[in-house]
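Structure first, commentary second.
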Amino acid sequence: MAGIRVNNLTFTYPNQERPVLKDINIDIAPASWTAIIGHNGSGKSTLVRLIDGLLIPDKGTIEVNGINVDENSLGLIHQQIGFVFQNPENQFVGATVADDVAFGLENRRVPPAEMKKRIHHSLEMVGMLDYQDAEPVNLSGGQKQRVALAGVLSLMPQVIILDEATSMLDPLARQEILSLLTELRSKQNISIISITHDINEIELADETIILDEARVAKQGPTKEVLKDGALLDKIGVGLPAGQQLKQLLAQRGINVPDNYFSLEEIKQWLTQQLQ
Ligand SMILES: Nc1ncnc2c1ncn2[C@@H]1O[C@H](COP(=O)(O)OP(=O)(O)OP(=O)(O)O)[C@@H](O)[C@H]1O
Ligand SMILES: [Mg+2]
């Protein structure tokens, strides 16, 4: 079956007593955008490392697009999944932007003509084509993350996992990466899994999974999951702006109905009330 399925997964790090993840069940649909959230140390990165086959579960199974993740399928799994990590400084391996994107393609032994095409196309997608000969020292953090994303895109994965990939960027660069992901998402059949603490990034996801105390505390449509203010507070994620506004309005006796969620929707509802 397409998508990612995690069944009854339990994982304990060697020399640790308690499992980091316990009886985890997750379904991620193909071409969906999923946010994984939870406080520091809740096992978010561990979960995606397990999905990528970099760690082996104590118990349970993981399937990526119908392929069971185990020692024998690692090559296939790594073709399906691309990663972008937190620190843009640690992701650059090439002397120039183009070399950096070429690196992954060379590893896959993509023929030179095809490689040239893919480098061009992926740098174009992330808006970095003009910088193909630039050296990493001359790039901003946001530009480096865009090049990292181009490197991933050039390998044409089905799933892109972003492990706090925007957390070290300034607000503008973060917004640029998020717009870029939104655009990619609308043009291609790629699944996005983003681990993040940023409420704006979470709100872009169709589905959200909350990890807490080694378990899935909640999973479902993002709009539903974000209604649990107490749980968001517990894991240190602030309420979405729309929720905050609703609370302020409620204190003044204005009760916005449940189905108005974003700032824009609430504005529309308020406008209707005034007419
Ligand atoms: N290699 C390791 N060996 C032993 N314990 C580890 C190892 N890596 C992580 N841990 C522990 O496992 C738990 C989960 O770590 P993980 O990195 O998956 O959390 P996280 O949710 O990604 O946290 P953060 O938000 O800080 O990135 C933490 O308690 C961490 O200390
Ligand atoms: Mg982490």
Side-chain angles (χ1 to χ4, degrees), residues 4-26 28 33-62 64 69 71 74 77-78 81-91 141 144-145 148-149 152 157 159-171 173-174 177-178 181 191-205 207-220 222 225-226 228 230-240:
I4 297 177
R5 313 191 78 175
V6 174
N7 296 306
N8 290 319
L9 174 84
T10 295
F11 176 79
T12 316
Y13 278 106
N15 314 320
Q16 300 274 316
E17 273 173 36
R18 290 229 207 121
V20 177
L21 298 167
K22 200 161 188 290
D23 297 325
I24 303 283
N25 288 289
I26 289 172
I28 294 177
W33 187 328
T34 303
I36 301 180
I37 66 179
H39 56 66
N40 294 332
S42 59
K44 304 178 295 294
S45 297
T46 303
L47 175 61
V48 293
R49 275 185 225 133
L50 283 154
I51 291 174
D52 199 44
L54 300 174
L55 298 170
I56 308 292
D58 309 342
K59 223 182 75 194
T61 57
I62 301 168
V64 176
V69 180
E71 301 94 88
L74 283 190
I77 296 300
H78 293 163
I81 301 178
F83 268 94
V84 183
F85 295 100
Q86 182 171 36
N87 191 340
E89 306 307 323
N90 297 343
Q91 301 196 57
K144 283 180 191 160
Q145 284 305 60
L149 191 57
V152 164
V159 182
I160 296 181
I161 300 179
L162 303 135
D163 191 348
E164 304 198 30
T166 63
S167 65
M168 294 178 79
L169 305 181
D170 61 60
R174 175 179 300 161
I177 293 272
L178 294 180
L181 289 169
S191 299
I192 297 174
I193 299 178
S194 72
I195 295 177
T196 179
H197 295 280
D198 178 50
I199 189 68
N200 296 324
E201 188 169 334
I202 299 168
E203 284 189 294
L204 290 172
E207 299 268 320
T208 293
I209 295 168
I210 300 186
L211 293 181
D212 190 40
E213 292 172 13
R215 300 194 182 259
V216 173
K218 233 182 183 104
Q219 71 180 307
T222 300
V225 171
L226 293 185
D228 193 340
L231 187 56
L232 293 184
D233 205 36
K234 184 179 175 207
I235 64 167
V237 169
L239 280 182

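Every number for a ligand or one of its atoms is a count from 1 in the order of the listing.
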Suppose the cut-off is 2.8 Å; which protein N/O/S atoms would you list for the Mg ion (ligand 2)? Ser45 OG
Tell me, do Leu54 and His78 make a side-chain contact under 4.5 Å, heavy atoms counted? yes
List the atom of Ile161, the atom of Ile81, and the distance in Å for their closest heavy-atom pair. CD1-CG2, 3.7 Å
Do Asn25 and Asn7 have side chains that approach each other closer than 4.5 Å (heavy atoms only, starting at C-beta)? yes
Would you call the rings of Tyr13 and Phe11 parallel, tilted or perpendicular, taking 30° and 60° as the class edges? perpendicular
One should read off an interatomic distance between Thr46 OG1 and Lys44 NZ, to the nearest 0.5 angstrom, of 9.0 Å
Would you check ligand 1 and list the protein residues that come within less than 4.0 Å of it by any heavy atom, ordered by chain and number? Tyr13, Gln16, Val20, His39, Asn40, Gly41, Ser42, Gly43, Lys44, Ser45, Thr46, Glu164, His197
Salt-bridge criterion met for Asp212 and Lys218 (N-O under 4.0 Å): no
CG-CD1 distance between Leu47 and Ile24, expressed to the nearest 0.5 angstrom: 6.5 Å
Test your reading of the model: is there a side-chain donor-acceptor pair from Gln91 to the backbone of Phe85, 3.5 Å cut-off? yes
What's the spacing between Leu21 CG and Leu9 CG if we round to 0.5 Å? 6.0 Å
